[in-house]
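Keep in mind that what you see is a predicted model, and the values were worked out from it rather than measured.
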Amino acid sequence: MPTRKDKRKEYLSVKDLQKLLDSCKLRLNHIDEVWPNIYIGNVTAAQNKSTLLKLGITHILNAAHSKRGSIGNQSFYGNDFVYCGIPAEDSTHFDLDVYFQPAANFIHEALKAPDGKMPRGSRCHCIMGMSRSSTLVLAYLMIYHHIPLKLALQKLIQREPSTQSHFLALLLDLDLQLMRKKRNHVRSL
């Protein structure tokens with residue numbers, strides 16, 4: 001039977017996750033496919049509608065909606081794309097977790113659509129194409145694919161290795177909530 005000390009070992013810390021992120025090399029590609037039909041990119045790539053159309057992108061999730069340097073809304077993208085804007089700040093004071101479920105739902109619905117593609121979360125982007133957008137894609141993988149945070153992070157950093165440590169803490173909370181929910185579901189069977 002596992003001891004209390006053994007049980008603590010199965011939980012990760014933000015420091016553990018940050019070490020995992022630091023172990024990979026940052027690539028500054030404008031847009032990368034990080035999961036089948038999910039792309040992450042920076043604001044420059046997100047505003048290049050012809051490139052998005054060439055890639056077959058149909059949905060845009062802007063994790064920096066209405067922030068300085070971020071241009072985009074449904075009227076900017078027109079009828080060629082479905083747009084969802086999240087006014088997230090890349091700040092330790094911003095609680096991005098309130099957007100985990102809505103962003104995951106948007107990504108999920110985008111991928112269910114015929115020919116649905118989104119660059120990093122239905123073309124998920126923020127200003128630099130890293131922290132906020134990576135965090136939202138990780139939340140999607142955890143919520144809809146039931147992938148634990150460490151494994152989701154390992155899969156994502158193969159392509160896009162950055163998220164802010166504050167957002168990692170929020171993802172750790174989500175990971176714990178999902179584990180508890182899974183355990184409670186198993187117990188009720």
Side chains of [X] and [Y], heavy atoms from C-beta outward: is any pair under 4.5 Å?
X	Y	result
Leu111	Ile38	yes
Leu61	Tyr83	no
Leu52	Phe81	yes
His146	Leu178	no

Q) Can you tell me if Asn105 and Tyr140 form a side-chain donor-acceptor pair at under 3.5 Å? A)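 No, because no side-chain N or O of Asn105 sits under 3.5 Å from a partner of the opposite role on Tyr140.
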(Q) Among residues at least two apart in sequence or on other chains, which ones pass side-chain contact (heavy atoms from CB on, under 4.5 Å) with Asn48? (A)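 Result, side-chain contact (heavy atoms from CB on, under 4.5 Å) vs Asn48: Ser50, Thr51.
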**Q.** Chi angles and distances behind the side chain to side chain contact (heavy atoms under 4.5 Å, CB included) call for Val34, Val137
**A.** CA-CA 9 Å; Val34 296; Val137 171; 4.2 Å; yes
Q | Donor-acceptor under 3.5 Å (Lys49 side chain, Phe76 main chain) | A |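 It does hold such a pair.
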Q) Just by distance, do the side chain of Asp175 and the backbone of Leu149 share a donor-acceptor pair under 3.5 Å? A)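 Yes; at least one donor-acceptor contact below 3.5 Å.
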**Q.** side-chain hydrogen bond (donor to acceptor under 3.5 Å, both in side chains) partners of Asp173, counting only residues at least two apart
**A.**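 Once residues adjacent in sequence are excluded, Asp173 has no partner under the side-chain hydrogen bond (donor to acceptor under 3.5 Å, both in side chains) criterion.
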Q: If a pair satisfies salt bridge (charged side-chain N to carboxylate O under 4.0 Å, His left out) and one of its residues is in residues 98-110, list it, with sequence neighbours excluded.
A: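 Checked against salt bridge (charged side-chain N to carboxylate O under 4.0 Å, His left out) - neighbours excluded - the pairs reaching residues 98-110 are Glu109-Lys112.
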[atom2] on [Y] to [atom1] on [X], rounded to 0.5 Å:
X	Y	atom1	atom2	answer
Phe100	Thr135	CZ	OG1	6.5 Å
Ile143	His108	CD1	NE2	11.5 Å
Met142	Leu153	CE	CG	10.0 Å

Which atom pair, heavy atoms only, marks the closest approach of [X] to [Y]?
X	Y	answer
Ala63	Arg132	O-CD, 3.4 Å
Ile86	Ala103	CD1-CB, 3.8 Å
Tyr144	Ala104	CE1-O, 3.4 Å
Leu170	Phe94	CD1-O, 4.1 Å

Q | Verdict with reasoning, Leu141 to Leu151, per side chain to side chain contact (heavy atoms under 4.5 Å, CB included) | A | CA-CA 10 Å; Leu141 294 175; Leu151 182 58; over 6 Å; no
Q | Stepwise side chain to side chain contact (heavy atoms under 4.5 Å, CB included) check, Trp35 with His145 | A | CA-CA 11 Å; Trp35 189 260; His145 291 275; 3.6 Å; yes
Q.
Please determine whether side chain to side chain contact (heavy atoms under 4.5 Å, CB included) holds for the pair Leu174 and Asp97, giving the CA-CA distance in whole Å, both sets of side-chain angles, and the decisive distance to 0.1 Å.
A. CA-CA 8 Å; Leu174 175 63; Asp97 56 342; over 6 Å; no
